[in-house]
Amino acid sequence: MAPIPGSGLAKGLAVTLRTMTRKSVTAQYPDTQPELPPRSRGVIGLFEENCTVCMLCARECPDWCIYIDSHKETVPPAAPGGRERSRNVLDRFAIDFSLCMYCGICIEVCPFDALFWSPEFEYAETDIRDLTHERDKLREWMWTVPAPPALDAGAEEPKEVAAARKTADKLAAAQAAEPGQAAGTQRAGEPGQPDGPGQPGTPRQPGTPRQPGTPGQEGRA
């Protein structure tokens, strides 16, 4: 069926009329805060304890807006006779949000979950140089990061949890089997109980004839 000429124009005018008759609502910001999605990309929070100064975030950043400084520190051996180890200690972690394009690559490539999205967006400054925020400010934003969404009930269990559960089940099965094995060994080795009829070195009940081929039977009529 061929479309009626002018039907598209009529539909567009209908949408316009419905919008014109609808009452407009203006949110009076900042008195009224906007309702943002729970996983909004506001700023990037830093969980400093997880950072190992691997520099992956700074290398993968397309804008080169992440600045990291560190130094090496010698760690004494954990046990006597061990060797000393060196580790990287974070001195500076800063993000220049005047250059950041909020792509999230730094958060995705971080192997130790040290960077997170925070829904905070009120960090405007009058001077562009003040948009470079150091690790103290990034840590404050970390506490505004929402909790991760719950897993789907039908989702596959993470491999790490599945491996840990499998190992725990094997350990529990081994511990449960140990008392039974110990009891069976004790019953088999109790004094006065033969391990089997006719076996050498086992006591013989009185009146029980010897089996053919047992020691002591040869040479007797």
Side-chain angles (χ1 to χ4, degrees), residues 1-68 90 92-162:
M1 182 178 178
I4 301 174
S7 59
L9 178 61
K11 290 180 180 179
L13 292 175
V15 174
T16 303
L17 290 174
R18 285 199 303 268
T19 306
M20 290 175 60
T21 56
R22 202 176 291 170
K23 184 180 179 181
S24 61
V25 178
T26 303
Q28 300 297 329
Y29 178 84
D31 298 332
T32 303
Q33 292 291 326
E35 295 182 3
L36 300 175
R39 309 301 297 178
S40 298
R41 294 188 176 187
V43 291
I44 299 173
L46 171 66
F47 193 57
E48 188 177 336
E49 286 76 3
N50 286 357
C51 182
T52 60
V53 201
C54 64
M55 306 292 289
L56 275 177
C57 55
R59 287 200 298 264
E60 297 296 332
C61 178
D63 293 331
W64 293 86
C65 64
I66 300 177
Y67 311 110
I68 300 176
L90 184 66
R92 185 195 183 198
F93 195 107
I95 299 178
D96 187 355
F97 285 99
S98 65
L99 298 177
C100 179
M101 64 179 186
Y102 305 92
C103 62
I105 293 178
C106 58
I107 297 176
E108 295 295 332
V109 301
C110 180
F112 302 104
D113 292 336
L115 298 174
F116 297 86
W117 279 118
S118 168
E120 294 292 325
F121 63 94
E122 298 176 316
Y123 56 94
E125 301 289 346
T126 57
D127 192 343
I128 193 174
R129 291 173 294 182
D130 295 334
L131 286 174
T132 301
H133 295 290
E134 301 292 335
R135 62 178 181 176
D136 295 336
K137 187 63 177 180
L138 300 178
R139 185 180 180 85
E140 292 179 7
W141 282 327
M142 181 63 208
W143 310 124
T144 62
V145 173
L151 295 177
D152 189 359
E156 183 180 356
E157 191 176 33
K159 294 181 180 179
E160 296 83 358
V161 179

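Residue numbers start at 1 and run along the sequence shown. Fair warning: this is a prediction, and the values are worked out from it, not measured in the lab.
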S.K.: How far apart are the closest heavy atoms of Tyr102 and Arg41, and which atoms are they?
M.R.: O-NH1, 3.1 Å
S.K.: How many angstroms lie between atom CG of Leu46 and atom CG of Asp136, to the nearest 0.5 angstrom?
M.R.: 9.5 Å
S.K.: Please evaluate residues Leu36 and Phe121 with respect to the criterion side chain to side chain contact (heavy atoms under 4.5 Å, CB included), reporting the C-alpha separation (whole Å), side-chain torsions for both, the decisive distance (0.1 Å), and the verdict.
M.R.: CA-CA 10 Å; Leu36 300 175; Phe121 63 94; 3.6 Å; yes
S.K.: Show, in sequence, the C-alpha distance, side-chain angles and deciding distance for Tyr123 and Leu131, and conclude whether the side chain to side chain contact (heavy atoms under 4.5 Å, CB included) test is met.
M.R.: CA-CA 8 Å; Tyr123 56 94; Leu131 286 174; 4.1 Å; yes
S.K.: For Cys106, give me all partners under side chain to side chain contact (heavy atoms under 4.5 Å, CB included), at least two apart in sequence or on another chain.
M.R.: Ile44, Cys57, Ile66, Leu115
S.K.: Say you draw a straight line from OG of Ser98 to CD of Glu125; how long is it, rounded to the nearest 0.5 Å?
M.R.: 11.0 Å
S.K.: What pairs with Pro111 under side chain to side chain contact (heavy atoms under 4.5 Å, CB included), at least two apart in sequence or on another chain?
M.R.: Cys54, Leu56
S.K.: Give a yes or no on whether Glu122 atom CD has more than 12 heavy-atom contacts from other residues, nucleotides or ligands under 6.0 Å away.
M.R.: yes
S.K.: Looking at CZ of Phe116 and CG of Asn50, how far apart are the two atoms once the value is rounded to the nearest 0.5 Å?
M.R.: 6.5 Å
S.K.: For residues 138-149, pull every pair meeting salt bridge (Lys or Arg N to Asp or Glu O under 4.0 Å), keeping only residues two or more places apart or in separate chains.
M.R.: Glu49-Arg139, Lys137-Glu140
S.K.: Any idea how Phe97 and His133 line up, ring-wise: parallel (<30°), tilted (30 to 60°), or perpendicular (>60°)?
M.R.: tilted
S.K.: Does anything in residues 18-35 pair up under salt bridge (Lys or Arg N to Asp or Glu O under 4.0 Å), and if so which pairs, sequence neighbours excluded?
M.R.: none
S.K.: Sequence neighbours left out, what pairs pass side-chain hydrogen bond (donor to acceptor under 3.5 Å, both in side chains) with at least one residue falling in residues 104-118?
M.R.: Ser118-Thr144
S.K.: Residues two or more places apart in sequence or in another chain: which of them pass salt bridge (charged side-chain N to carboxylate O under 4.0 Å, His left out) with Arg129?
M.R.: Asp127
